[in-house]
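Chain letters run A, B, ... following the sequence lines, proteins first and then strands; every chain starts at 1. Quick caveat, the model's predicted, so the values are computed rather than measured.
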Amino acid sequence: MTMKDLNKIVLDIRERQRIKPSANDRPAASWIGKDLVDGEIIDSLTIIFRTSGCYWGCAGGCTMCGYVYDSAAESPDDDDIHSQLEHALKKASDLEKMVVKIFTSGSFLDENEISRKSRENILLRLKEDDRIAKVIVETRPEFVTDQTMDDCMDLIAGKPFEIAVGLETSSDKIRSESINKGFSFRDFVRASEIAKVRGITTKAYLLLKPPFISEGMAVNDIIRSVNDIYPYADTVSINLCNVQKGTLVEMLWERKQFRPPWLWSIVEILHRTKSAHPDIVIMSDPVGAGSQRGPHNCKICSRDVADAVRNFSLTQDIRVLESVSCECRYLWEKIIELDDYTYGAPITV
Amino acid sequence: MTMKDLNKIVLDIRERQRIKPSANDRPAASWIGKDLVDGEIIDSLTIIFRTSGCYWGCAGGCTMCGYVYDSAAESPDDDDIHSQLEHALKKASDLEKMVVKIFTSGSFLDENEISRKSRENILLRLKEDDRIAKVIVETRPEFVTDQTMDDCMDLIAGKPFEIAVGLETSSDKIRSESINKGFSFRDFVRASEIAKVRGITTKAYLLLKPPFISEGMAVNDIIRSVNDIYPYADTVSINLCNVQKGTLVEMLWERKQFRPPWLWSIVEILHRTKSAHPDIVIMSDPVGAGSQRGPHNCKICSRDVADAVRNFSLTQDIRVLESVSCECRYLWEKIIELDDYTYGAPITV
Amino acid sequence: MTRYFEVLQSDGAARIGEMILKRKIQTPSIIDVSYFRDPENPIVDAGSLWNISPEDADANVKDLRTSTGDDTLIILPHQAIPPVILHENSDVNEMMPEDSGAYGCLYRGWTSDNIDLYIMEAAGAFDNNAKKFFEKIVEIRNTIPFDTALYAPAIALPENVAMLAYLGIDLMDSTKTILASYRDLYLTSEGMQYLDRLSEFPCRCSACNGADISDIVSMAGPDRQEFLKQHNLNVLEAEMAYVRERIREETLREYIEGQCRARPWLTALLRLSDRECSYAESNTQVVRSVEMIANTSESLTRPEVVRFADRVVDRYAPPLADVLVILPCSAKKPYSISPSHQQFIRALGKHRKYVNELILTSPLGIVPRELEIAYPAAHYDISVTGQWSADEFEWVSSRLYSYLCSNDYGSVVAHVDGPYRKICETVAQKLGIRIICTSNGNATSKESLSNLKGTVSSLLKDESVTGIKKTEEMLRSIADFQFGKGAGKMLLPDGAVIKGPYPKYQIYVDKSQVATLVPQYGMLALTLKGADLILPSNSYIVTIDDFIPRGSILSPGVIKADTRIRPMDEVIVQGPRIIGVGRALMGGKQMTQSTRGIAVDLRHVRKY
Amino acid sequence: MTRYFEVLQSDGAARIGEMILKRKIQTPSIIDVSYFRDPENPIVDAGSLWNISPEDADANVKDLRTSTGDDTLIILPHQAIPPVILHENSDVNEMMPEDSGAYGCLYRGWTSDNIDLYIMEAAGAFDNNAKKFFEKIVEIRNTIPFDTALYAPAIALPENVAMLAYLGIDLMDSTKTILASYRDLYLTSEGMQYLDRLSEFPCRCSACNGADISDIVSMAGPDRQEFLKQHNLNVLEAEMAYVRERIREETLREYIEGQCRARPWLTALLRLSDRECSYAESNTQVVRSVEMIANTSESLTRPEVVRFADRVVDRYAPPLADVLVILPCSAKKPYSISPSHQQFIRALGKHRKYVNELILTSPLGIVPRELEIAYPAAHYDISVTGQWSADEFEWVSSRLYSYLCSNDYGSVVAHVDGPYRKICETVAQKLGIRIICTSNGNATSKESLSNLKGTVSSLLKDESVTGIKKTEEMLRSIADFQFGKGAGKMLLPDGAVIKGPYPKYQIYVDKSQVATLVPQYGMLALTLKGADLILPSNSYIVTIDDFIPRGSILSPGVIKADTRIRPMDEVIVQGPRIIGVGRALMGGKQMTQSTRGIAVDLRHVRKY
């Protein structure tokens, strides 16, 4: 299988989807949450801008990513982006201190999504709000250049700034042939280094259990990835692969050829990586936990275990991971043992 | 079930048979054998006269008896009977000493089968032959009267004479409702007593395993019968029920509702009865042993066990019964245990 | 009638029961006759009349009763004969017991209140004779009370106990299995093989597990036979237990449709039983909690299928329409929620309320849209290969034919392809009518769907009249299907109000709820008000004695019951002082025959 | 081609084989993948390319080979993907091993001499998808050599191993069974159930025997799961062993015709396999030592039946006659020794040599009298209920129809009743011919028999010509049936002498014996002289290399073989220096593909 094959399949799936019409002056989503910043738990405002969409996703893109369907049918103009920002900030009007996390379902730094003008507007607006303690923007690494980083640092002017990159894994093989991500580990390292010299921190998103990968290999891949990225990432956030509409992962899942990761897997990963690297922040928000499309254990324990994962993410205290148990853990252990040898038909129980 | 029902069924079967045409001046059968007379093994001449047939059998008769089909289509006349006798005696021309056993497939003393004249001729002829040490004639008990016995004793004049009666069992129930024999145990006792007072000995034929009777009940029935007839019989000969053509027994056997007795059963019977009554002669000739229609054990041992039974009959030595063994004896033991509770479907393995 | 046996659960003619003896026996069960001599055994045999005199036999029975107590079942003295011999039904009468306690006897055509167990005389002789065996069982079961046990001696083997249980045998014995062991036969639930023909043990029972076949073969006779006996009895007991589990699960039918292939005569028994459908049907539950798997040619004749087809003819009357639209079935059920039917429904659009819809399907034949939720229309699964067997073709055709014979339409539209279409054409030709085909080979293609829409639209003459009220008619049809023709109109008179989203409908009349549709089974559950409404139809009524029931009605309390009632049917309970509604747990006939067991699980009751 | 796997016995696509590794594995077999990491295991996995680089993988293989030796099978590094993803057949090529030893790899459309085991990629994902699974198996089996093993990972359960083996899978694993244990599922060869839904253990395996269900249910997780694992593995292993026994017995087909009812997709697999008949037929033995049980609707489409029917059309030519007499089948076989056929034959009397006789029967369709002794015409048993299914009716009708289409008769007499007669009438109508019925409803009644006699007598135009030599024609027909049309005339030229009582015929030509009819199978066994006679037909010839064989021909020695050869076929062996006759133990195609195993069991051989 070549990368071209995989991209072709993903693109075919994409082309069968309908994109729902939506208002361009509202963000795709925005919400208030909690986040860990410099050892302190503070409020966070997450904004997902509606843009013309991820250029990579529009050309096919990642096998698990359905965010591309959040993009606008017609490109929002700078006024629309402005309205989106104000709409989101209104939700945070009651907060006293917060971190702002900006996503676009693509790359914030891609000028085809967010024009230079809008980028300036946004960063200036955030700089001016004193309640905002930190700004995090997500981007693919190719948009992390000396130029863009200098621009951002000029605009945000001393406020802590972080770039978040969906690295997914340190394995180029998996990133290429399973995720179809379109960049290499070296690209990430380069971006991280460009940021670091400017005092910009880097957050790496990892993806637990991309398609085709057994549960056990997935766990090992993340643990290895954390080791690999340790020098380049200040924060590691592990996303648990869930089944998004209109993705290759969904197609596999519908045919029982994919199962989202077990929550025991993330418990295991967090426990082992945090023990090995107590100095970096390792977090995971198990989105959709407990549902068939999301990471899940059995029906009895999924909620508790997901809570423990969230709790750990805020506290970084591995003892919270040791407090959960359930009989289904034996099943998970057995799956870890056997799933390596199913030769293409992952265990989906 | 009443006796009438049973007789009706037997008669229906009879009526479906064809009687083969045969020569009236030849006996139905005759052969040379060995027999035990007064503790001595001597040669025997058996003659089965062809007559108009057993009156009881012609009217239905016994459920296991197919000898009725040996009867002549037209009654042989006295000349025919004479020829039959001479034909048989010719076979014995080489013998020095012998016992003569006369059968008719019915009753030798029934004048409708053997006229008074023929009876006289036969007995006189036998009396005159000095080689003949003893004469045995078979008859149903109703023909054993003071008159017939006196007649015979007159004719045979001092030569040992014996009547042989097919009592089959001492159980009137079985004789009536299983065998459909048409006389009672009292009839036999009376006949035996009539004979005894004249110095005539009595031989009783018993039938091992008439229809409807389990293997175990059949064994017990014979043992009980031997005890019952002990005072009335000088010799006991146990016939092992075999499957004769044109009988109810055959009809049952074809439908797997009858199995001829096991040879182990006769071994057991001989052993137990001889041990209990060492002073009477108990014999058995397992006719047709080893075949599916005859008494049989397994294929491996049937021949040897039948030989042991014959050997015992001549020697009356129970040690010969102890000399045979085979694995199928365990099966037979199990059948004895279980066959009482099959409620109408005998074990036919 | 019985005091020492109770039927706890039925699945067609098969049932789970209990012999309430000194040691309880769950039936269907295997017993060992070699203990029949042992007075400690729960079942003892008083002896054969071939062997003992009637007087001794009588004394024997009395002695046994005295020494064992009432809760030992005594098999009365018997004089058994093989089936070749005809017999009068007389000779055991004199052996009737007068005292109390559990008794069994040979079945000879008569019954008595004191008998808990009947023995099928010479059952073992019927081995391999499917016709006679089946006829005998039906004769006996139709004569003896429902809640007496039936024992078939000397016939059971692992390969046939499932079928014996399916036909309604409660007790079997280990006789043939034990004897096989002494003949060096190694049994399985599929047959038997001589030990020395095996290369390995195809079993992990407590005897075989770890055993080496060459060691066993070279053992001395008694040891080898003992090994075989252990294995063979393990297999027999395991199979019997498995059969009990399948009865409890209500899936014995599915099991025997496969297992009966072990021997031709077992397959013949299944087919004979289906041909004499009423025997099994009369006690087959109307709904099951499990899917119906239709996986063999015999699935077309199983009681549930035949009953459904019969009821469509006898109880269903389509709402008045001039156009019939014939549609193919779908894998997802009820059909109307499947993607394909969603498209058909969209295509019919506003015209839909002027047409009848009929779905063609194997094994059910035809399913009117109104009944698509009734069991088993929404509850079956089949093997899909895209081809239909001649039997399926013939069966579905015959159903469509008889439907079209009794229902007149101005136009018949068939929106079907492949074998479905061939069926429509065959039936049309036979009836000499025209059926308009609207599918181009793919019923869900745009072209086909627009063809369907256009055709139906052009066929409808006058859409100004009020169309069919689909939901109302569906519920009426289900009521008819459940309680007989006419019940729907009684339960849903004009003006009845229907609430709730599909399919969780509730029916209100004069603001009172009269019934609820239970989607799981596709059946209506009545309220007392609903019972009042359909009471005049005199259907599905269980009449009880003068008492106030709570929770459930035990069968001795039942005086009369509609013989159409089947287990799981919704019934109306009526007594001198009460009316109630509930779910039958026995058939109507069984309720009146039984002296033990729950007849009706009562939901609501009202005193007068 | 393979060095570490050998097929020992075949039964259709199923086979008994042996993996000749450090620990021998009899196949079909269950393996435990959790030992794939253990270098002591006979099969080890060299790792996933998702996980390790090609260079590391390569080193891995080399290390494993060094540390384990040649008789450990190494599964080559793989990068497996689910079936949804299409893939090129390229990426594993570079992983081809160069050194010696046993290797396995994912099947990707190519084969290599060094591979003993192919893995059906993502087999587990085909669960429940009969069509795709079957197509994949056929594709693989038709690509890889006959004597390589095929492993279907992560799909086996006790309920499906019989079908997997039937379709030709050699290795399966315990993965799904073990996982079920951790999900509280209790497996049987018929399906599964949650432990807490059971009332008792329907099993006497070493785990269940004596176990109390409530004790087990209340056990702690690990103990309970361990219990279930023991039971479930017992069931899986027992079922696998049972399947092996049925293959050895050559009765796997009979078993799966019942067992496949456990799941709709298994039944669908059976039907699909029958529809694609050549897959199983191409390696189905021509005769079996056991009766053929035809007990399901699928029995009509089993390879033996289809082959027989095909050969009647393709290979059989009736001896010239103007009158055809159609007769019903009989329970006793060959038909002509049955009481009913004895009566028919007597009734036909001297006219018989002027007519052809054709027997109607399910499942075989039609059996010409000449072929009544050929397998399976004299070797089948069916369930008798007196009624025919629509499928039987259609099948037999179609056979009769095609026979009458290709054979012209002046008159056709049908001496049959009931469904047989209806078949004749249907076919006559379809063909527009007249069939004279001579039975009055009971073919063996005096009236019917005299009717038959009279009718046939009156139809015969000219009896002065020589009639058919029945025995000669029977033997010619059997020769044609076995070796193809024309062989009969070659083997029995005019003047051939037939000795021996029916059916133990010996054929002599010029005073030398040329063949014997083996009654058990209804097949001709050739002498060398017989081989000489039919050699020019160029049929059923196995060409071997230049060596002098003794006793048996091993497959590596086979250069060419008639692809029509099936296991148990009579074949002629020809080499540069010898001619021989014997019995094939493999199909012709398999002989040329295999590097191990006996191809032909030689009876006679002659050097030139």
Side-chain angles (χ1 to χ4, degrees), chain C residues 26 130-131 188 190 193 197-206 208-210 233-235 237-239 241-246 248-249 254-255 257-268 271-272 275 293-298 381-387 389-395, chain D residues 26 130-131 188 190 193 197-210 233-235 237-239 241-246 248-249 254-255 257-268 271-272 275 293-298 381-387 389-391 393-395:
Chain C
Q26 280 268 315
K131 195 150 176 290
T188 70
E190 295 291 322
Q193 185 56 280
R197 295 280 306 275
L198 293 177
S199 301
E200 60 182 313
F201 289 125
C203 177
R204 293 296 177 272
C205 81
S206 59
C208 297
N209 196 52
L233 288 174
N234 273 340
V235 173
E237 289 288 356
E239 180 70 5
Y242 187 60
V243 167
R244 285 192 295 269
E245 276 299 318
R246 295 294 293 240
R248 294 189 188 105
E249 246 185 24
E254 274 82 354
Y255 179 53
E257 279 192 20
Q259 198 276 332
C260 75
R261 315 306 168 172
R263 296 281 174 205
W265 87 290
L266 300 174
T267 300
R271 292 177 184 167
L272 290 168
R275 208 184 297 169
I293 308 291
N295 235 350
T296 70
S297 57
E298 288 79 7
D381 194 8
I382 55 168
S383 320
V384 180
T385 62
Q387 290 198 351
S389 74
D391 284 296
E392 286 172 306
F393 190 91
E394 196 170 85
W395 165 246
Chain D
Q26 278 269 316
K131 195 151 177 290
T188 70
E190 295 290 322
Q193 185 57 281
R197 294 280 307 275
L198 293 177
S199 299
E200 59 183 313
F201 289 126
C203 178
R204 293 296 177 273
C205 81
S206 59
C208 296
N209 195 50
L233 288 174
N234 273 339
V235 173
E237 289 288 356
E239 180 71 4
Y242 187 60
V243 167
R244 284 192 296 267
E245 276 299 318
R246 296 293 294 240
R248 293 188 189 106
E249 245 184 29
E254 273 82 355
Y255 178 53
E257 280 192 20
Q259 198 276 332
C260 75
R261 315 306 168 171
R263 296 281 175 203
W265 88 289
L266 300 174
T267 300
R271 293 177 184 166
L272 289 169
R275 208 185 298 168
I293 308 291
N295 235 351
T296 69
S297 58
E298 288 81 6
D381 194 10
I382 56 167
S383 319
V384 180
T385 62
Q387 289 197 352
S389 73
D391 285 299
F393 190 92
E394 196 171 85
W395 165 245

So what's closer than 4.5 Å to chain D heavy atoms on Arg246(C): side chain, backbone, both or neither? side chain
Less than 4.5 Å apart, any side-chain heavy atom of Arg261(C) and any of Glu254(D)? no
Could you have a look at Gln26(C), Arg197(C), Arg263(C) and say which one has the most heavy-atom pairs with chain D under 4.5 angstrom? Arg263(C)
Does a donor on one side chain and an acceptor on the other come within less than 3.5 Å for Gln387(C) and Arg275(D)? yes
Would you mind checking which part of Cys208(D) comes under 4.5 Å of any heavy atom in chain C, side chain (CB onward), backbone (N, CA, C, O), both or neither? neither
Hey, what do you get for CD (Glu394(C)) to CZ (Phe393(D)), rounding to the nearest 0.5 Å? 8.5 Å
With sequence neighbours left out, write down each residue that passes ring-ring contact (aromatic ring centres under 6.0 Å, His included) with Trp395(D), or none if nothing qualifies. none
Identify which of Cys203(D), Ala130(D), Ser199(D) forms the greatest number of heavy-atom pairs closer than 4.5 Å to chain C. Ser199(D)
Name the option with the most non-hydrogen atom pairs under 4.5 Å to chain C; the candidates are Leu266(D), Thr267(D), Thr188(D). Thr267(D)
Should Glu249(C) and Gln193(D) count as side-chain neighbours, where that means a heavy-atom distance under 4.5 Å? yes
Does any backbone or side-chain atom of Ile293(D) lie under 4.5 Å from a heavy atom of chain C? Answer side chain, backbone, both or neither. side chain
Which heavy atom of Ala268(D) sits nearest to which heavy atom of Val384(C), and what is that distance? CB-O, 3.9 Å
Can you tell me which of Gln259(D), Glu237(D), Glu257(D), Lys131(D) forms the most heavy-atom pairs within a distance under 4.5 Å of chain C? Glu237(D)
Please name all residues satisfying ring-ring contact (aromatic ring centres under 6.0 Å, His included) with Phe201(D), sequence neighbours left out, ordered by chain then number. Tyr186(D), Phe227(D)
At a 4.5 Å cut-off on heavy atoms, which part of Asn209(D) comes close to chain C: side chain, backbone, both, or neither? side chain
Per-residue tally against chain C (heavy atom, under 4.5 Å) across Thr296(D), Asn295(D), Asp381(D) peaks at Asn295(D)
CG (Asp391(D)) and CG (Asp391(C)) are apart, to the nearest 0.5 Å, by 4.0 Å
Heavy-atom closest contact (Glu245(C) atom, Leu198(D) atom, distance): OE1-CD2, 3.4 Å
If I compare all heavy atoms of Ala241(C) with all of Pro202(D), which pair ends up nearest, and what's the gap? CB-CA, 3.7 Å
